[in-house]
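Step one of this worksheet: look at the structure below.
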Amino acid sequence: MPELESVIRKLEALDHRITPSRVAVIAAVLAQSGHFSVEDVLRQARAVGRATVFRTMRLLTDLEIVCRVLLEDGSLHYRVSRRGHHHHLVCVSCGNVQDLDECAVAGLVRELAAATEYEIEGHWLEFYGRCASCRSSLALAAKA
């Protein structure tokens, strides 16, 4: 799996230890499609301890290999990230998550930093609504 090898090389370049457990977690993460929870990773990497999974998820998040997705119900999920900083659109009906390619709040963050004298180190933004498919299904159901 070239993606697995790429992640391992990135971790090695940053002097992170590459253990069999860490490789198992990374492989489980890369095997996921769409968004997933830590529990999903734990089910796939059964021989790996919870603490190792959580530490590895934190490391992968810090390195922007995965990104966090906060679902409307408050549950924290993750997605493999193939880009840097971005935000998400989350469908409240089907749970579909779509990446937004740009950060439309960068100007607001600069203004907020200037107004509050904070050195803002990051932000996380999710937009919740209904995707086109779910809106169409709702419209069809209303007509019936």
Side-chain angles (χ1 to χ4, degrees), residues 1-139 141:
M1 175 184 276
E3 202 171 14
L4 177 61
E5 293 168 10
S6 174
V7 171
I8 290 170
R9 280 195 305 273
K10 184 174 186 176
L11 293 175
E12 287 174 331
L14 295 168
D15 291 327
H16 291 285
R17 288 183 38 211
I18 306 302
T19 64
S21 294
R22 186 168 273 173
V23 171
V25 172
I26 295 166
V29 164
L30 295 176
Q32 303 295 320
S33 62
H35 59 86
F36 58 91
S37 68
V38 168
E39 296 302 321
D40 296 327
V41 175
L42 283 164
R43 275 192 292 279
Q44 192 158 354
R46 293 179 193 262
V48 180
R50 261 183 110 67
T52 299
V53 171
F54 276 96
R55 281 193 303 268
T56 303
M57 291 305 296
R58 175 62 188 240
L59 176 62
L60 295 176
T61 302
D62 290 347
L63 296 175
E64 296 184 341
I65 294 166
V66 298
C67 58
R68 300 175 302 178
V69 178
L70 184 63
L71 299 183
E72 187 197 22
D73 66 4
S75 63
L76 182 61
H77 281 224
Y78 296 86
R79 283 171 53 113
V80 174
S81 180
R82 290 178 173 77
R83 60 180 58 115
H85 176 75
H86 63 280
H87 303 288
H88 301 111
L89 292 167
V90 180
C91 181
V92 298
S93 294
C94 69
N96 183 46
V97 178
Q98 180 179 337
D99 292 344
L100 293 175
D101 291 331
E102 61 183 64
C103 178
V105 297
L108 175 63
V109 170
R110 284 190 298 276
E111 290 175 27
L112 183 60
T116 62
E117 297 184 7
Y118 265 72
E119 182 179 320
I120 297 175
E121 296 177 358
H123 63 274
W124 182 23
L125 184 61
E126 311 289 20
F127 295 92
Y128 302 98
R130 285 189 175 72
C131 67
S133 177
C134 288
R135 284 195 331 274
S136 294
S137 296
L138 285 172

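Throughout, residue positions are numbered sequentially from 1 according to the sequence presented. Keep in mind that the numbers below use all heavy atoms, side chains included, and drop hydrogens, waters and symmetry copies.
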Within a strict 4.5 Å, meaning less than it, do heavy atoms of the [X] and [Y] side chains meet?
X     : Y     : answer
His77 : Glu39 : no
Leu11 : Ile26 : yes
Arg55 : Val25 : no
His35 : Val90 : no

What's the separation between atom [atom1] in [X] and atom [atom2] in [Y], rounded to the nearest 0.5 Å?
X      : Y     : atom1 : atom2 : answer
Met57  : Phe36 : CE    : CZ    : 4.5 Å
Arg58  : Thr56 : CZ    : OG1   : 12.5 Å
His87  : Asp99 : NE2   : CG    : 11.0 Å
Asp62  : Leu14 : CG    : CG    : 11.0 Å
Cys134 : Asn96 : SG    : CG    : 8.0 Å
Glu12  : Ile18 : CD    : CD1   : 5.0 Å

[X] side chain to [Y] backbone, donor-acceptor under 3.5 Å:
X      : Y      : value
Gln44  : Asp40  : no
Arg79  : Val97  : yes
Arg135 : Arg130 : yes
Lys10  : Ile65  : no

Of all the heavy-atom pairs spanning [X] and [Y], show the shortest one and how long it is.
X      : Y      : value
Glu72  : Tyr128 : N-CE2, 3.4 Å
Ser81  : Glu64  : CB-O, 3.6 Å
Leu100 : His86  : O-CB, 3.1 Å
Asp73  : Ser75  : OD1-OG, 2.7 Å
Cys131 : Cys91  : N-SG, 3.3 Å
Tyr78  : Thr61  : CE2-OG1, 3.6 Å

If we check side-chain contact (heavy atoms from CB on, under 4.5 Å) with Leu63, which of these qualifies: Leu59, Leu60, Val66?
Leu59
